[in-house]
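Since this is a predicted model, take the numbers as computed values, not measurements.
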Amino acid sequence: FEKFAPHFGIRIFKGGVNELAEFFQGEEQIIISSYGLIRTQVELLENHTWGAIVVDESHNIKNPSALITRSIARLKTRHRIALSGTPVMNNTFDLYAQLEFVVPGLLGSQEFFRKEYANPIDKDGDQEKIKTLAKITAPFILRRTKKQVATDLPEKTESILWCEMEDSQRAAYEEIRSSIRNSVFLNIKNDGLSKSKIGILAGITKLKQVCCSPVLLEEYKGHKTQSIKLNVLMDEIQTQLTDNKALVFSQFKGMLHLIAYELKHAGIPYYHFDGDTDILDRRDMVDAFQQEEDQAKVFLISLKAGNTGLNLTAADYVFLVDPWWNSAVENQAIDRTHRIGQKKHVFAYKMICKNTIEERIIQLQKRKGEISDELVHAEDGFVKNLSEADVEFLFS
């Protein structure tokens with residue numbers, strides 16, 4: 001607002017009936033609030049009809065039964081806008097609540113939408129349903145890509161950084177893989193495939209942790225097991241990136257702490273934040289990292305806490321230590337640095353352990369093919385569409 005509309009009076013809402021009364025009695029026109037405050041203050045806020053409501057990062061209201069989604073729906077307004085770079089994070093049904101906010105009634109009831117569109121698209125890859133849904137929603141969606149709005153943005157190169165496990169890590173991986181495989185197929189035999197999906201997802205997550213470092217698992221804490229990803233990452237940072245800054249993402253906080261330990265002992269300055277880091281501390285770290293004279297060369301960020309809302313154009317290298325299978329989330333992470341203001345070529349690397357479940361999932365996705373550019377599954381959506389033969393392949 002300061003940059004593009006300085007004539008507007010702005011208030012950051014901290015809650016309370018008195019503050020709201022001051023807002024309406026004063027000269028300010030715009031009130032900014034967090035999702036958490038909307039949820040707790042909805043009884044105050046719903047007493048007013050707002051000129052417009054803008055929901056930023058609208059995938060936060062993708063669950064129709066969530067309290068925040070229901071709270072937002074209670075607010076009265078004449079105009080509605082939802083903004084998101086990742087409107088579909090898990091499956092097609094993610095679109096429902098966001099479009100229900102923008103255009104109530106457009107997609108019918110939840111049951112109708114699930115039966116008519118979400119299930120046929122997610123389970124069967126029904127191309128006709130995809131086309132029909134796109135046609136219905138197109139008049140209400142303005143999609144702007146970076147190529148359209150930032151024509152002078154430098155290139156980015158995405159590649160796989162292959163990692164070959166050493167003996168101790170491979171032995172740990174094979175032991176855990178064998179145990180998980182036996183457990184998964186026993187569950188499938190006893191309960192059927194559909195009731196075993198939670199166990200399959202847990203198995204995938206556990207094997208991904210082993211690919212990062214076996215010490216992330218309780219049974220390997222204290223062991224001197226090698227981590228090939230840690231070795232490769234440190235080698236890249238110490239030998240290749242002496243004059244560059246890098247972002248390092250992982251979904252596992254424990255892995256970030258292991259990397260931080262190695263950076264500290266190597267005397268490499270870094271910043272680190274995850275879901276436990278105070279929001280003000282995050283802002284201070286981001287501001288400092290962006291300064292050219294700042295000595296920190298590496299920024300460690302948890303994938304969920306930092307894949308949106310950050311401008312880190314000081315970096316030109318990105319490492320996804322344990323990539324998600326949702327490419328939209330991965331792209332959001334890479335785009336912390338590949339965005340307006342970036343002057344250098346950006347290099348992004350997915351770190352994948354050879355001959356592991358990580359490589360097999362990539363092969364499986366290529367074999368199955370994506371349903372569409374707009375439908376990219378996260379792990380749980382990915383698991384829902386696995387056949388027994390696919391599960392056999394993953395844990396082989």
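- The two residues T277 and M285 make their nearest non-hydrogen contact at CG2-CE, 3.6 Å.
- Sorted by first and then second residue, the pairs that involve residues 65-78 and meet side chain to side chain donor-acceptor pair (under 3.5 Å), not counting sequence neighbours, are E46-R74, N63-S65.
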Requested in this report: Would you please test K354 and C163 for side-chain contact (heavy atoms from CB on, under 4.5 Å) and show each step?
Outcome: CA-CA 6 Å; K354 278 192 169 185; C163 303; over 6 Å; no

Query - Stepwise side-chain contact (heavy atoms from CB on, under 4.5 Å) check, E100 with L106 - result: CA-CA 7 Å; E100 182 66 14; L106 176 70; 5.9 Å; no

**Report entry** D191 and S196: CA distance, side-chain angles, deciding distance, side chain to side chain donor-acceptor pair (under 3.5 Å) verdict
**Finding:** CA-CA 7 Å; D191 304 322; S196 304; 5.1 Å; no

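- F347 does not carry K156 over the face of its six-membered ring by the limits of under 6.0 Å from the centre and within 45° of the normal.
- Counting only heavy atoms from C-beta outward, the side chains of I237 and L263 approach each other to under 4.5 Å.
- Contact between M165 and T356 at its shortest, heavy atoms only, is CE-CG2, 3.7 Å.
- Ion pairing between a basic and an acidic side chain is recognised when a charged N comes within 4.0 Å of a carboxylate O; K206 and E219 show such pairing.
- No hydrogens or angles considered: a donor-acceptor pair under 3.5 Å links the side chains of E175 and Y220.
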Query raised in the report: Can you list the steps and then say if L193 with I200 is a side-chain contact (heavy atoms from CB on, under 4.5 Å)?
Result: CA-CA 9 Å; L193 181 62; I200 294 168; 4.0 Å; yes

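- Nearest heavy-atom pair, A296 versus F289, reported as atom, atom and distance to 0.1 Å: O-CE1, 3.8 Å.
- In this view, Y35 satisfies the ring-ring contact (aromatic ring centres under 6.0 Å, His included) rule with no residue, not counting sequence neighbours.
- Taking the ring centroids of H265 and Y261, they lie under the 6.0 Å cut-off.
- Taken together through direct or relayed side-chain contacts under 4.5 Å among Ile, Leu, Val, Met, Phe, Trp and Tyr, F112 and L107 form part of one hydrophobic cluster.
- By the 6.0 Å contact criterion, CD1 on I12 is open, its count of non-hydrogen atoms from other residues, nucleotides or ligands being 12 or less.
- Listed by first and then second residue, the ring pair (Phe, Tyr, Trp, His ring centres under 6.0 Å) pairs involving residues 168-196 amount to none (not counting sequence neighbours).
- Applying the ring-ring contact (aromatic ring centres under 6.0 Å, His included) test to W162 and every residue at least two apart in sequence or in another chain returns nothing.
- At a threshold of 4.5 Å between non-hydrogen side-chain atoms, the residues Q290 and L312 count as touching.
- Apart from I141 itself, the hydrophobic cluster it occupies contains nothing, where clustering links Ile, Leu, Val, Met, Phe, Trp and Tyr at side-chain heavy-atom distances under 4.5 Å.
- Applying the ring-ring contact (aromatic ring centres under 6.0 Å, His included) rule to F23 yields no partners; only residues at least two apart in sequence or on another chain are considered.
- Of the possible polar contacts, one joining the E19 side chain to the G15 backbone as a donor-acceptor pair under 3.5 Å is found.
- Annotation: cation-pi pair R114/Y96 absent, no NZ/CZ under 6.0 Å from the ring centroid and within 45° of its normal.
- Side-chain atoms of W50 come within 3.5 Å of backbone atoms of L45 as a donor-acceptor pair (strictly under, hydrogens ignored).
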Report task. Before giving the answer on side-chain contact (heavy atoms from CB on, under 4.5 Å), spell out for K350 and L161 the whole-Å C-alpha distance, their side-chain angles and the decisive distance to 0.1 Å. Result -> CA-CA 6 Å; K350 296 180 185 181; L161 188 57; over 6 Å; no

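- Judged purely by atom type and a 3.5 angstrom limit, S396 uses its side chain to pair as donor or acceptor with the backbone of F393.
- For N60 (side chain) and E57 (main-chain N/O), a donor-acceptor pair under 3.5 Å exists by modelled atom type.
- Applying the salt bridge (Lys or Arg N to Asp or Glu O under 4.0 Å) test to K189 and every residue at least two apart in sequence or in another chain returns nothing.
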Could you pull out all donor-acceptor pairs under 3.5 Å where a side-chain atom in residues 1-11 meets a protein atom, sequence neighbours excluded?
residue, atom, partner, partner atom, Å
R11, NE, E28, OE1, 2.8
R11, NH2, E28, OE1, 3.3

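- Under the ring-ring contact (aromatic ring centres under 6.0 Å, His included) criterion, Y349 pairs with F319, not counting sequence neighbours.
- Within a 6.0 Å sphere centred on CG of D235, other residues, nucleotides and ligands contribute more than 12 heavy atoms.
- Put simply, the side chain of Q291 gets close to the backbone of D287: a donor and an acceptor are under 3.5 Å apart.
- Nearest heavy-atom pair across R336 and L247 is CB-CD1, 3.8 Å.
- Residues L67 and I61 fall into different hydrophobic clusters, defined by Ile, Leu, Val, Met, Phe, Trp and Tyr side chains chained together at heavy-atom separations under 4.5 Å.
- Between the side chains of Q226 and S168, not a single donor N or O lies within less than 3.5 Å of an accepting N or O.
- Nearest heavy atoms, I301 versus L256: C-CD1, 3.7 Å.
- The hydrophobic cluster containing L186 does not contain L201, counting ILVMFWY residues as joined when their side-chain heavy atoms lie under 4.5 angstrom apart, directly or transitively.
- Side-chain atoms of Q41 do not come within 3.5 Å of backbone N or O of R39 as any donor-acceptor pair.
- Salt-bridge formation is detected for the pair K229/E358: a Lys NZ or Arg NE/NH1/NH2 atom is positioned less than 4.0 Å from an Asp or Glu carboxylate oxygen.
- At a cut-off of 3.5 Å, with distance as the only test, a side-chain donor of Y271 or D294 sits close to an acceptor on the other residue.
- Grouping Ile, Leu, Val, Met, Phe, Trp and Tyr by side-chain contacts under 4.5 Å, direct or through others, puts L83 with V54, I81.
- The main-chain N or O of V55 is never found under 3.5 Å from a side-chain atom of S58 such that the two would form a donor-acceptor pair.
- I53 places none of its side-chain heavy atoms less than 4.5 Å from the side chain of H79.
- Counting heavy atoms from C-beta outward, Q209 and M255 have side chains that stay 4.5 Å or more apart.
- Under the 4.5 Å side-chain criterion, counting only non-hydrogen atoms from C-beta, L303 is not in contact with S250.
- Taking 4.5 Å as the limit, every side-chain heavy atom of V321 sits out of range of all side-chain heavy atoms of L230.
- Residues satisfying the salt bridge (Lys or Arg N to Asp or Glu O under 4.0 Å) test with D276, not counting sequence neighbours, are K253.
- With hydrogens and angles disregarded, no donor-acceptor distance shorter than 3.5 Å links the side chain of D94 to the backbone of H59.
- Heavy-atom neighbours of E43 CD from other residues, nucleotides or ligands within 6.0 Å: at or below the threshold of 12.
- Between I180 and I204, every side-chain heavy-atom pair lies at or beyond the 4.5 Å cut-off.
- Look at R170 and E174 and you find a salt bridge, because one of the NZ, NE, NH1 or NH2 atoms lies within 4.0 Å of a carboxylate O, short of that distance.
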Query raised in the report: Taking it one step at a time, do F273 and F299 satisfy ring-ring contact (aromatic ring centres under 6.0 Å, His included)?
Result: CA-CA 8 Å; F273 82 62; F299 209 136; 5.7 Å; yes

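- Closest heavy-atom contact between Q98 and S84: OE1-CB, 4.2 Å.
- Donor-acceptor pairing under 3.5 Å is lacking for the side chains of Q169 and S227.
- Applying the salt bridge (Lys or Arg N to Asp or Glu O under 4.0 Å) test to E116 and every residue at least two apart in sequence or in another chain returns K129.
- At least one side-chain heavy atom of L20 sits less than 4.5 Å from a side-chain heavy atom of F13.
- No single ILVMFWY cluster, assembled from side-chain heavy atoms under 4.5 Å apart, contains both I30 and I38.
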